[in-house]
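Presented below is the structure to which this report refers.
Hydrogens, waters and symmetry mates are skipped; everything else that's a heavy atom, side chains included, is used.
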Amino acid sequence: MEEGTLLELCGSVENVVYHNDRNQYTVLEISAEDTLVTVVGSFPFVSVGEELRVYGHWSTHPSFGQQFKAEAFDRSRPATTAAMLKYLSSGAIKGVGKATAARIVETFGEKALEIMENQPERLAQIKGITRDKALEIGEELRRVYGIRELMVFLGAYGVKPEDAVLVWKQFGDASTACIQEDPYCLCGEGLELSFEIADSIAESMEKPRDDEGRVQAGVLYVLRHNLQNGHTCLPVDKLCPAAAHLLEVELSQVQDALYNLCRQFAAVCENFGGRDFIFLWGQHRSEAYIAQRMRDLLLVPPQKIQGTKERIAAIEKAWSISYAPKQREAISAALEQGILILTGGPGTGKTTTLNAIIRILKEEGEAVLLAAPTGRAAKRMSELTGEEAKTLHRMLQVEWDEQDRPVFAKNERNPLECDCLVIDELSMVDTYVFESVLRALPPACRLILVGDSDQLPSVGPGNVLGDLIASKRFPTVQLKEIFRQSLESLIVRNAHRIVEGKQPELSKRDSDFFYMPQTECEEAAKLVVSLCARRLPESYGYSSISDIQVLCPGRKGELGTVELNKSLREAINPFEKGKPEVKINGALFRLGDKVMQIRNNYDLPWVKEDDTSGQGVFNGDMGVITGIDKPGGVLQVQIDDKEVLYDFDHASRELELAYAVTVHKSQGNEFTAVIIPALRTPAQLCYRNLLYTAVTRAKKLLILVGRREVISAMIENDRKTRRYTGLLHFLTEREGE
């Protein structure tokens with residue numbers, strides 16, 4: 001047989017041994033020429049009794065023996081009465097059980113499926129089937145066949161089965177017609193499949209490349225793509241050339257399409273400082289709402305707490321401490337004005353200040369809620385304050401709408417039950433989440449926003465903390481004084497030196513901050529691996545998995561996360577005979593691997609040791625692979641105290657090795673020991689607040705590996721991560737509206 005040639009197997013489905021609804025991985029038993037054959041592969045909505053033509057090759061599974069691995073397949077509807085009876089009896093059609101299936105086939109014979117689809121009302125002549133039930137059965141049959149036909153149609157262009165189901169949920173019976181009329185509906189809001197897929201479908205239909213619908217879709221695609229870069233809007237002079245380059249059309253065509261998009265309210269144009277900016281409608285709504293709601297909080301403040309000075313003095317006496325002037329200012333602002341932005345670096349007393357505010361408010365009988373963007377940040381907040389802290393998603397009670405999109409149960413009609421809300425790590429909070437928080441905030445509620453304005457902005461779009469501070473409209477206290485006990489830490493001292501533009505102390509060898517010079521990337525990589533896998537565990541007793549974290553400026557190169565993760569895995573969790581591992585779409589996962597979730601997934605199920613369960617795993621969550629079920633196509637990952645199950649397809653798209661992660665992905669986390677390679681750092685990643693953010697992730701030990709020149713260059717480059725946002729302008733330029 002010629003290499004690469006697919007074999008063909010024809011037969012009827014006798015048994016569905018296993019089916020995974022998420023990735024459609026299926027184990028079937030097919031009767032082919034009077035022989036029962038085990039077939040494995042992706043089979044969406046397959047049922048007993050169906051006739052399949054399968055293309056693939058034979059393989060031998062170590063546990064299950066000989067199998068036919070399917071690469072592709074065609075199916076036809078059951079043609080004989082025996083096949084129809086088997087198909088309908090299998091439960092493939094909701095509302096049709098074995099007894100009903102037998103009566104339908106007995107009454108209509110080989111025309112049973114045709115009548116069910118096209119004349120379902122005739123089913124009502126069968127005893128036990130009402131007219132309404134007959135119509136429901138017909139609708140269900142059309143739905144099942146419609147989804148399957150859509151999967152086949154989209155599958156030819158590389159669309160995964162689960163994405164095809166999302167398309168069906170959005171457009172229903174009209175899915176194929178909608179796509180044929182406008183293929184670019186696939187990359188619109190709610191679906192957001194790749195523009196390349198939509199383009200390939202349009203090309204197969206011979207639609208012109210300068211079609212107005214294509215150009216409009218391309219403009220919106222560029223705007224959506226830049227949400228991933230943190231921008232909530234783009235200036236017209238940057239958006240139009242980028243879209244013209246992507247689409248390979250004239251600039252004037254893009255400008256015309258943009259004008260029409262704004263007329264149709266698919267995009268919004270705002271002029272800030274004489275320059276036009278374009279928003280997607282949802283981002284414009286979010287930032288405009290945040291600005292208005294924050295101004296409302298100033299206009300309708302909560303009741304002022306009396307006797308602030310005396311209350312502060314009483315706490316100082318009770319706790320045997322003395323607050324710095326800026327700390328007293330912060331406490332007073334929170335109690336008297338009802339809104340406070342509290343910012344400052346490590347060791348400046350943010351937690352001490354916050355604890356005083358919480359204590360006084362609770363003495364006043366106020367209900368105080370504490371929240372943070374990530375599970376680890378919430379856990380740390382609980383440990384430092386002694387109060388329960390929740391993740392923002394848990395606090396807002398994430399749910400799902402009819403299109404399976406995340407929405408929050410807490411909102412204007414169902415507000416949070418609190419008198420004061422405290423949010424930590426606000427620099428990590430993006431525009432959409434902060435809008436959702438404000439929508440759930442009860443009237444006259446205190447709002448205390450805590451964060452470090454010198455850290456990197458959120459992974460999601462927006463620059464909420466930075467824009468709120470820059471507006472100068474809200475009580476803001478920046479703590480700068482480092483307290484004596486924190487001064488003992490060189491990590492803290494050097495973090496402040498970095499943010500002030502000064503060179504860190506790199507020569508000390510008896511503290512918690514070490515510099516290890518290296519001039520060659522290969523040797524530096526070997527040193528990073530040795531430190532993580534052997535030297536620090538032997539010297540300090542640290543775990544290579546749970547205590548030590550390598551933080552890289554970027555992903556590429558010998559000292560990027562991609563290459564370092566390969567080397568670190570082989571040193572920390574090497575291949576062993578009998579240790580399970582699996583390769584999925586080119587990504588290798590091994591039992592015991594340290595992994596990170598790289599995007600929000602609101603419907604991933606998890607369970608805790610106490611049997612409490614829930615859904616939702618979020619961008620930046622880290623864990624360890626504790627189980628690999630190859631036949632079932634499932635990975636089991638322990639993330640903090642949760643056990644999470646991933647089907648293989650979601651694992652390959654949503655999990656990455658996390659022995660080394662980028663500084664951006666580390667936000668909201670703290671690690672016992674941090675190792676930072678700083679050698680030949682790409683120019684676009686060589687700036688001060690990236691290094692500062694990395695250094696402030698370390699609790700007990702930090703090691704810089706690389707060259708002084710690179711470290712100096714990062715500190716000297718004080719450019720902030722540039723983000724195009726509208727919040728600052730809405731807060732300032734529209735203040736009088």
Side-chain angles (χ1 to χ4, degrees), residues 282-305 333-342 354 357-375 377-378 381-382 385 387-402 405-426 428-451 458 460 462 464-465 467-468 473-475 600 602 614-616 618 727 730-731:
Q283 293 300 320
H284 184 271
R285 177 207 62 200
S286 291
E287 292 197 303
Y289 177 84
I290 290 170
Q292 184 59 55
R293 186 74 170 90
M294 290 297 291
R295 287 198 295 266
D296 290 346
L297 289 175
L298 290 177
L299 293 172
V300 188
Q303 186 174 353
K304 179 179 178 180
I305 303 294
L335 300 177
E336 296 174 358
Q337 298 183 60
I339 186 168
L340 169 67
I341 299 173
L342 179 63
L354 192 58
I357 295 169
I358 293 170
R359 172 163 174 168
I360 293 172
L361 290 176
K362 294 191 79 171
E363 286 176 351
E364 285 290 310
E366 293 198 4
V368 182
L369 276 184
L370 277 63
T374 67
M381 195 181 189
S382 294
T385 63
E387 304 286 338
E388 182 189 11
K390 298 178 179 179
T391 64
L392 289 170
H393 287 83
R394 182 181 166 206
M395 179 189 75
L396 294 173
Q397 297 178 16
V398 65
E399 294 180 345
W400 293 265
D401 63 14
E402 293 179 356
R405 290 177 297 200
V407 294
F408 295 112
K410 291 295 182 180
N411 51 39
E412 298 98 327
R413 295 179 297 279
N414 181 29
L416 296 166
E417 296 178 3
C418 63
D419 302 300
C420 175
L421 174 62
V422 183
I423 302 177
D424 196 11
E425 296 281 6
L426 188 71
M428 293 183 62
V429 179
D430 65 34
T431 300
Y432 169 69
V433 173
F434 194 62
E435 176 202 4
S436 301
V437 168
L438 293 181
R439 288 188 182 278
L441 203 66
C445 180
R446 296 181 199 280
L447 182 62
I448 300 171
L449 307 173
V450 185
S458 59
V464 174
L465 177 60
D467 286 347
L468 289 175
R473 296 294 185 266
F474 310 99
N600 289 341
Y602 296 90
Q615 291 176 299
F618 304 104
L727 179 56
F730 291 144
L731 285 167

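- At most 12 non-hydrogen atoms from other residues, nucleotides or ligands lie less than 6.0 angstrom from CD of Glu417.
- Taking both residues in full, the closest heavy atoms of Ser286 and Thr431 are given as CB-CG2, 3.4 Å, listed atom of the first, atom of the second, then distance.
- Crowding of Gln303 atom CD: a count of heavy atoms from other residues, nucleotides or ligands under 6.0 Å not exceeding 12.
- Of all the heavy atoms in Pro302 and Arg446, the pair that sits closest is CG-CG, 3.5 Å.
- Contact between Asn414 and Ala409 at its shortest, heavy atoms only, is ND2-O, 3.1 Å.
- Interatomic distance, Ile290 CD1 to Phe730 CZ, rounded to the nearest 0.5 Å: 10.0 Å.
- Interatomic distance, CG of Leu465 versus CG of Leu727, reported as 10.5 Å (0.5 Å rounding).
- Note that CG of Leu396 and CG of Leu416 are 6.0 Å apart. Values are rounded to the nearest 0.5 Å.
- When Met294, Glu287, Arg293 are each tested for a side-chain contact (heavy atoms from CB on, under 4.5 Å) with Phe434, only one passes: Met294.
- Heavy atoms only, all atoms of each residue included: Met381 and Ala371 are closest at SD-O, 3.6 Å.
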Verdict with reasoning, Glu387 to Val368, per side-chain contact (heavy atoms from CB on, under 4.5 Å): CA-CA 9 Å; Glu387 304 286 338; Val368 182; over 6 Å; no

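- With Leu340 as reference, Ile357 is the one residue of Leu447, Leu449, Val422, Ile357 to meet the side-chain contact (heavy atoms from CB on, under 4.5 Å) rule.
- Using a 4.5 Å heavy-atom cutoff, the side chains of Ile448 and Cys420 are in contact.
- Taking OG1 of Thr385 as the start and CZ of Arg359 as the end, the distance is 14.0 Å to the nearest 0.5 Å.
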Pair Leu370-Asp424, side-chain contact (heavy atoms from CB on, under 4.5 Å): steps then yes or no: CA-CA 8 Å; Leu370 277 63; Asp424 196 11; over 6 Å; no

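- With sequence neighbours excluded, the residues that form a side chain to side chain donor-acceptor pair (under 3.5 Å) with Asp467 are Thr725.
- You'll find the side chain of Ile305 reaches within 4.5 Å of the side chain of Glu364, heavy atoms only.
- Contact check for Val429 versus Ser436: no side-chain heavy atoms found under the 4.5 Å cut-off.
- Contact detail for Leu421 and Cys445: the closest heavy-atom pair is N-SG, 3.9 Å.
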Working for side-chain contact (heavy atoms from CB on, under 4.5 Å), residues Leu299 and Asp296: CA-CA 5 Å; Leu299 293 172; Asp296 290 346; 4.3 Å; yes

Steps toward side-chain contact (heavy atoms from CB on, under 4.5 Å) verdict (Val464, Ser458): CA-CA 8 Å; Val464 174; Ser458 59; over 6 Å; no

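- Distance check, rounded to the nearest 0.5 Å: CG of Asp430 to CD of Glu435 gives 10.0 Å.
- Distance check: Met395 CE to Leu369 CG gives 6.5 Å after rounding to the nearest 0.5 Å.
- Scanning both residues, Glu388 and Arg394, for their nearest heavy atoms gives OE2-NH2, 3.7 Å.
- Looking only at distances, no side-chain donor or acceptor of Thr391 sits under 3.5 Å from a matching main-chain atom of Gly375.
- The aromatic rings of Phe618 and His393 lie parallel to each other, with less than 30° between the two planes, well short of the 60° mark.
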